[in-house]
Amino acid sequence: MTEIDYSYPANLSPKEDDLVAAAARILGTDRSQIDSVAILKRSLDARSAVIIYRCRLVVYMKGEQALPQWQHPPKRDVSKAEQVVVVGSGPAGLFASLELISKGFKPVILERGAEVHRRRRDCADISRAGLLHPESNYCFGEGGAGTFSDGKLYTRSSKRGDVGRVLGTFVAFGAPESILWDAHPHIGSDRLPAIIEAMRNFILECGGEYHFDARVDDLQRMPDGSWRVRWTPSGEICARNVILSAGHSASDIFAMFASKGWALETKGFAMGVRVEHPRELIDRIQYHRRVAPGTLPSAEYSLVEQVEGRGVFSFCMCPGGVLVPSATSAEALVLNGMSASLRNSPFSNAGIVVQINPEDIPSEYAAHGPLAGLRWQEDVERACFAHSGSQSAPAQRMTDFVEGRFSSALPRCSYAPGAVSAGLKEVLPEHISARLRKAFRLFDRKMRGFYTREALLLAVESRTSSPVRIPRDSATLQHIALPGLYPCGEGAGYAGGIVSSALDGIACASRIQ
């Protein structure tokens, strides 16, 4: 087995024979001596006149055994095994459930929202008619918030676990193999539902159990040390262990903890706007030229600046994507972005958000204790809704926002409920809007043309991560005062995306004995 570097023009798609021929040429050997070639890593390089893919290849010579890049999880009958309750079916809950099965436990998954196909219809209701289903929407439901956002699988969390295992598991359940080697792997909101359903079917075939429309309302510690879990409308189960992976928008879980006096912590998060540009403009900036449609992937960007002691950065960048309404309660407005697998929308969007530390939360929220950031977040979301009284988002051209002008006309955008002109300085908290105004000019130094009147800002992007952390022991991953309860994933404050949440789910499940 030998690893080599190989590059090819980005507008080409080499087949396996092409890779074998290239490997033979690089190694100075006859191609008949090569058994197979596989891509280990691939990244797009747009720095020079010719845009190329840079690859790391692994070459297997005749007689060498090729190592599998992924494996399907083996089936195991756990129908009569000890039950572990898993609250939430996002990536943390799903991968925790798969790990539990591998360890011989039966996962019982409680999901407050709908199964993925009904959830898709519920999401369409809020986009098309402004009708919010409080328990089944872009945040709640099978697969978690990532299912109908973008499906990005890029993470810097390699120290937390085996990223390749997570990616390989997605491939086993139907994701394209390219996610194993792409530098910024992506599945797409059109493909993820079928993959999530395949994972559910596997869990059920192994003897696991699902309950949809099951919002957990109470956790009770029993005299024998086990947990009683109650859910709406009328469910109840007792188990020795509970993995709590409810997601970053499950504010009622945090409120339940606070009402019982269980330990919680205020956690930093970020808040800002979604920024939408024409996709062609972002492609032209990043590729340094006009790009013929379909010849190159929709361009991505990642931006960060320090402004007055706080980071201002891009978040959840969706090239060739659309904006979606992601509120979870009536009379609140939240935006997010998503991309289909082809990323072929005429728009590209990203959250541009400002770092918020606990000390940045207004002092009038101090009475809420560890829920101070959550209550402030909710008030900002309600203020955005109040501007139009609907899911139509307050919006302003980027240049008008920075230069203090009202936008008398707005450009076309992808946000289905629509946009209404607003002075975002009045809609957003002052220290957030002030930093954003400075950051947009600074970003233009890195991406010339980013600062433009063609860019539209829509408020508010507030669900970057949980504003609350449920503290846990660093070794056992159990709550610091509640044995058998495993706070897990993004909602508990220990992850920041699909892959890191999946890794945290695996880690929590692996601690259960």
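All values below were derived from every heavy atom in this structure, side-chain atoms included, with hydrogens, water molecules and symmetry-related copies excluded.
In summary, the side chains of Asp190 and Ser341 do present a donor paired with an acceptor at a separation below 3.5 Å, with no hydrogens or angles considered. No side-chain N or O of Arg453 forms a donor-acceptor pair with one of Ser407 less than 3.5 Å apart. Counting only N and O atoms by type, the side chains of Tyr8 and Arg42 include a donor and acceptor under 3.5 Å apart. Side chain to side chain, Ser465 and Lys267 meet the donor-acceptor criterion of an N or O pair below 3.5 Å. A donor-acceptor contact under 3.5 angstrom links the side chains of Glu381 and Ser462, judged on distance only. A side-chain donor-acceptor contact under 3.5 Å links Ser127 and Tyr138.
Aromatic ring pairs are classed by plane angle as parallel below 30°, tilted from 30° to 60° and perpendicular above 60°; the pair Phe450 and His277 is tilted.
At a threshold of 4.0 Å, the pair Arg56-Asp5 counts as salt-bridged, since one of the basic side-chain nitrogens sits closer than that to a carboxylate oxygen. Between Lys446 and Glu305 there is a salt bridge, with a side-chain nitrogen of the basic residue lying less than 4.0 Å from a carboxylate oxygen of the acidic one. With salt bridges taken as basic N to acidic carboxylate O contacts below 4.0 Å, one links Asp45 and Arg47. With respect to Glu300 and Arg343, a salt bridge is recorded, a charged nitrogen being found less than 4.0 Å from a carboxylate O.
Checked against the 6.0 Å centroid criterion, the rings of Phe170 and Phe95 qualify as a close aromatic pair. Phe202 has its ring centre less than 6.0 Å from the ring centre of His72. Tyr210 has its ring centre less than 6.0 Å from the ring centre of Phe212.
Both the sub-6.0 Å distance and the 45° axial angle are not jointly satisfied by Arg120 relative to the ring of Phe148.
Partners of Asn201 under the side-chain hydrogen bond (donor to acceptor under 3.5 Å, both in side chains) rule, at least two apart in sequence or in another chain, do not exist in this structure. Residues satisfying the salt bridge (Lys or Arg N to Asp or Glu O under 4.0 Å) criterion with Arg448, sequence neighbours excluded, are Asp444.
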Considering only distance and modelled atom types, tabulate donor-acceptor pairs under 3.5 Å from the side chains of residues 102-117, sequence neighbours left out.
{"unit_1": "Ser102", "atom_1": "OG", "unit_2": "Glu99", "atom_2": "O", "d": "2.6"}
{"unit_1": "Lys103", "atom_1": "NZ", "unit_2": "Ile512", "atom_2": "O", "d": "3.2"}
{"unit_1": "Lys106", "atom_1": "NZ", "unit_2": "Glu209", "atom_2": "OE1", "d": "3.2"}
{"unit_1": "Glu111", "atom_1": "OE1", "unit_2": "Ser89", "atom_2": "N", "d": "3.0"}
{"unit_1": "Glu111", "atom_1": "OE1", "unit_2": "Ser89", "atom_2": "OG", "d": "2.7"}
{"unit_1": "Glu111", "atom_1": "OE2", "unit_2": "Gly113", "atom_2": "N", "d": "2.9"}
{"unit_1": "Glu111", "atom_1": "OE2", "unit_2": "Gly141", "atom_2": "N", "d": "3.1"}
{"unit_1": "Arg112", "atom_1": "NE", "unit_2": "Glu135", "atom_2": "OE1", "d": "2.7"}
{"unit_1": "Arg112", "atom_1": "NH1", "unit_2": "Asp252", "atom_2": "OD1", "d": "3.1"}
{"unit_1": "Arg112", "atom_1": "NH1", "unit_2": "Asp252", "atom_2": "OD2", "d": "3.4"}
{"unit_1": "Arg112", "atom_1": "NH2", "unit_2": "Glu135", "atom_2": "OE1", "d": "2.9"}
{"unit_1": "Arg112", "atom_1": "NH2", "unit_2": "Asp252", "atom_2": "OD2", "d": "3.2"}
{"unit_1": "Glu115", "atom_1": "OE1", "unit_2": "His117", "atom_2": "N", "d": "2.8"}
{"unit_1": "Glu115", "atom_1": "OE2", "unit_2": "Arg118", "atom_2": "N", "d": "3.0"}
{"unit_1": "His117", "atom_1": "NE2", "unit_2": "Glu197", "atom_2": "OE1", "d": "2.9"}
{"unit_1": "His117", "atom_1": "NE2", "unit_2": "Glu197", "atom_2": "OE2", "d": "3.4"}

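For the pair Leu323/Glu276, a side-chain contact is recorded, criterion being any heavy-atom separation below 4.5 Å from C-beta on.
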### Task
Walk me through it: do Tyr287 and Leu44 pass the test side-chain contact (heavy atoms from CB on, under 4.5 Å)?
CA-CA 10 Å; Tyr287 294 137; Leu44 191 67; 3.4 Å; yes
